[in-house]
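Below, each value reflects all heavy atoms present in this structure, side chains not excepted, and no hydrogens, waters or symmetry copies.
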Amino acid sequence: QVRLAESGGRLVQAGASLRLSCAASGRTFSTYDMGWFRQAPGKERDIVGTISRLGGTTYYPDSLKGRFTISRNNTKNTLYLQMNRLKPEDTAVYYCAAGSLNLRGEFTPTSWGRGTQVTVSS
């Protein structure tokens, strides 16, 4: 099973950019589709986006398109989340997950990291 560790979360001001990383160890990183999720206080965990095993296909919910970008470097076993023009409502714990994408683009996570806190002040 793959082990995941997020990093890069911190306090930033609205409008700033931030890049999160997710380092993978254990089983071969490139055999997993990957996803980013976030959970704000008192809310459910929501999907931020997904990326296929070789990075050729990405998905974002409409609300995040154009601001957030997921990428991966399989030689470094690392997943990234670039977040631009951050808003206070982006404040949440951000989690990376390893799993699989089906033909409809639905992501099933099988391993989770512990999360990294992102706080956006107004």
Side-chain angles (χ1 to χ4, degrees):
Q1 194 169 1
V2 67
R3 293 180 295 277
L4 304 171
E6 303 92 338
S7 63
R10 61 184 179 92
L11 172 65
V12 296
Q13 289 190 329
S17 296
L18 194 62
R19 188 175 82 159
L20 305 182
S21 299
C22 172
S25 59
R27 289 195 60 184
T28 306
F29 178 63
S30 61
T31 64
Y32 292 94
D33 300 311
M34 298 294 295
W36 283 100
F37 293 76
R38 68 184 183 182
Q39 188 167 19
K43 296 187 177 181
E44 294 185 351
R45 190 171 298 188
D46 291 328
I47 191 166
V48 173
T50 62
I51 187 167
S52 58
R53 298 176 186 188
L54 299 182
T57 302
T58 55
Y59 160 81
Y60 309 93
D62 289 342
S63 60
L64 297 179
K65 284 181 182 177
R67 289 199 303 125
F68 286 21
T69 303
I70 295 176
S71 61
R72 64 191 296 166
N73 186 327
N74 286 348
T75 61
K76 294 184 177 181
N77 294 338
T78 305
L79 176 74
Y80 302 99
L81 176 64
Q82 178 68 42
M83 304 183 291
N84 298 326
R85 303 190 303 279
L86 283 162
K87 305 174 182 180
E89 51 263 44
D90 294 319
T91 295
V93 178
Y94 284 72
Y95 300 89
C96 65
S100 61
L101 288 163
N102 65 18
L103 294 178
R104 294 187 297 273
E106 298 163 336
F107 181 76
T108 301
T110 55
S111 298
W112 292 91
R114 293 188 174 185
T116 185
Q117 175 72 48
V118 173
T119 303
V120 184
S121 64
S122 58

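Between the side chain of Q82 and the backbone N or O of T69, no donor-acceptor pair lies under 3.5 Å. Remark: the backbone N or O of T116 is not paired with any side-chain donor or acceptor of S7 at under 3.5 angstrom.
Grouped by direct or indirect side-chain proximity (heavy atoms under 4.5 Å, Ile/Leu/Val/Met/Phe/Trp/Tyr only), L103 sits alone. Think of Y80 as one node in a network of Ile, Leu, Val, Met, Phe, Trp and Tyr side chains linked at under 4.5 Å; it has no links at all.
With sequence neighbours excluded, no residue satisfies side-chain contact (heavy atoms from CB on, under 4.5 Å) with A23. Scanning for side-chain contact (heavy atoms from CB on, under 4.5 Å) contacts around N74 gives F29, S30, L54, R72, with sequence neighbours left out. Residues satisfying the side-chain contact (heavy atoms from CB on, under 4.5 Å) criterion with R67, sequence neighbours excluded, are L64, R85, K87, D90.
In this structure, a donor-acceptor pair under 3.5 Å is absent between the side chains of S100 and D33.
Paired with Y59 under the rule side-chain contact (heavy atoms from CB on, under 4.5 Å), one option of V48, I70, L101, I47 passes, and it is I47.
Contacts classified as salt bridge (charged side-chain N to carboxylate O under 4.0 Å, His left out) and involving residues 107-120 (residues at least two apart or in different chains) are not found.
Taking the centre of each ring, W36 and F68 stay at or above the 6.0 Å mark.
The hydrophobic clustering, which links ILVMFWY residues whose side-chain heavy atoms are closer than 4.5 Å, places F107 and L4 apart.
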Open item on the list: Pair V12, R10 - check side-chain contact (heavy atoms from CB on, under 4.5 Å), show working.
Closed with: CA-CA 6 Å; V12 296; R10 61 184 179 92; 3.6 Å; yes

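Heavy atoms only, all atoms of each residue included: V2 and A24 are closest at CG2-CB, 3.8 Å.
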